[in-house]
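Written below as structure tokens is the structure these notes are about.
Just so it is clear, the structure is predicted and the values come from calculations on it, not from any experiment.
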Amino acid sequence: MNKIDILNFKENNTYFGDPMPLYYDGVYHLYYLKLNEDSSLSWAHIKSTDMINFFLCDDVIEKGDELDVALFTGSVFVKDNVFHAYYAGMGIDGKPNMLESISYDGDIFTKTNKVLFKRNKYYRADDTWRDPYVFYNKIDNLYHMIFCAKAPYVDGDLHPGVIGHAISTDLNSWKLKKPLTSPHIATTMECPQIIDYKDKYLLIYYFHNTRIRVSNNPLKGYKRYSTESPNSFDFMAAKALKDDKNRIILFGWIPRKNNDSSERIWGGNLAIPRELFLDNKNNPRSKFVDEVYSYYPNKINVFKDFNYIDVSNNYKIDGNKISVNSKNEGSILSFNYFLDNYLLKTNINIKNKNGLLIFYIRTNRDNFRGEFSQINDLGYQIILDFSEERLFIREHYHWDQRPNLLDHKINIKTKKDYSFLMSLNNDILEIELNKEETISFRLLKHVSSGSLSIEVDDISLSMNEFTIFTR
């Protein structure tokens, strides 16, 4: 096994997709759907004992000749030290099959070559069903499988997606049931998962983003609370594991794009793992796992190691605390040169809600403007608009206004610390907001090093514990 860099991981010349995490006997297993160079899909595998040091294992399931000429996502369930991998395969006849592979160590799997069940009247006859997830329900002492499916065709139904359902007493024989839920809210409810959280159950599924619903019963009553997706738009098809610290850790992936604002392309990079939890109102929340600081192990004193210019003379630097009084104007602090990749951590404390805080990242001079160009003419803006309670990501061009690449609601109160964590790694930007929401976004146009600038407009604020971590 070779040690790998887990931050935004993908194996060379392949792409990372749909994770299938499992924690068992002290080991974090991350199985995932890998897009190979020949466009085929296989099940790949990485693992760790500490969520810091990860190792690349051999692929565990490859496409076959009859029942699974194409592979799809699934899950792994362990019973009596036997690893049961459940997955969907496209048969040579063009019809999907629910299949199983068995392992006794989690590394080497053998196909059983048995179709677990065939569809019935509750499910569309001409469409793929896939993404099985198996869990044990202590209430009825049964094993349950949920999966992505569609209800029978009805003209005008834009959202036929349902969560399919099957049960078993022994993981050997399965009986297909009617759908677990048919809420008519999704074209397909991909990568579904049910996991317990304290006295609640969480339904995790994917439709445009990773969504979460909450219930008191594992088999019914799942409700959307005010926060349904605490992980923004580009945290795709996430699934979770529960470790021995009772953390629910979400693994998702960040898609490829042709440019900053284009459609997303299947297959990309592993996102920073998140810890999923509920707040006191049962709203799903997420934050980066604590191990994120191990992914950026070096701490630097940015105000000692880098030259900066306080353009407006309004910034007060005291150790790692920045104070700015800019009630009726703008104040800019610029680093002429900054790092390619880093983790920025700070606690923002605002005195009023009338203004903006803007981070200009990876900015450079505009060569077309020649000697008139500034170090921060081109790049990106991360805008925290406190009056609108929004976070915006925009491409930055000094002489023109660019549309928003991302618009995300924030909830920030005056005179209270608001935690802000920003990871910039190659072309991937990830942000944690107040240890309760996260953002992932791929930035393709400006990926080289440049300056970092901080602008504060019409507001007084402080940034406490302003710290930069590097790799």
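Taking the centre of each ring, Phe83 and Tyr24 come in below the 6.0 Å mark.
Annotation: cation-pi pair Lys223/Tyr225 present, NZ/CZ under 6.0 Å from the ring centroid and within 45° of its normal. With Trp266 as the aromatic partner, Arg256 does not meet the cation-pi criteria of under 6.0 angstrom to the ring centre and within 45 degrees of the ring axis. With Phe233 as the aromatic partner, Arg264 meets the cation-pi criteria of under 6.0 angstrom to the ring centre and within 45 degrees of the ring axis. Relative to the six-membered ring of Tyr23, Lys245 misses at least one condition, a distance below 6.0 Å or an angle of at most 45° to the axis.
Contact check on Asp18 versus Lys239 returns no salt bridge, with no Lys/Arg side-chain nitrogen under 4.0 Å from an Asp/Glu carboxylate oxygen. Of the charged side-chain nitrogens involved, none lies within less than 4.0 Å of a carboxylate oxygen, so that Arg442 and Asp234 do not count as a salt-bridged pair. Salt-bridge check for Lys287 with Glu436: failed, with every basic side-chain N at 4.0 Å or more from each acidic carboxylate O. One finds no salt bridge joining Glu190 and Arg211 here, because no Lys/Arg side-chain nitrogen approaches an Asp/Glu carboxylate oxygen to under 4.0 Å. The pair Lys63-Asp68 fails the salt-bridge criterion, with no side-chain N (NZ, NE, NH1 or NH2) lying under 4.0 Å from an Asp/Glu carboxylate O. For the pair Glu389 and Lys409, the salt-bridge criterion is met [side-chain N within less than 4.0 Å of a carboxylate O]. Using a 4.0 Å cut-off between charged side-chain N and carboxylate O, Lys47 and Asp107 make a salt bridge. For the pair Glu430 and Arg274, the salt-bridge criterion is met [side-chain N within less than 4.0 Å of a carboxylate O].
In terms of modelled atom types and a separation under 3.5 Å, the side chain of Arg394 and the main chain of Gln381 share no donor-acceptor contact.
Ser286 pairs with exactly one of Leu433, Asn231, Ile249 by the side-chain contact (heavy atoms from CB on, under 4.5 Å) rule, that one being Asn231. Each of Pro192, Pro179, Pro218 was evaluated against Ile146; a single residue qualifies, Pro192, per the side-chain contact (heavy atoms from CB on, under 4.5 Å) test.
For the 3.5 Å distance criterion, the side chains of Ser48 and Asp50 qualify, holding a donor opposite an acceptor.
The closest side-chain heavy-atom distance from Phe135 to Ile195 is not below 4.5 Å.
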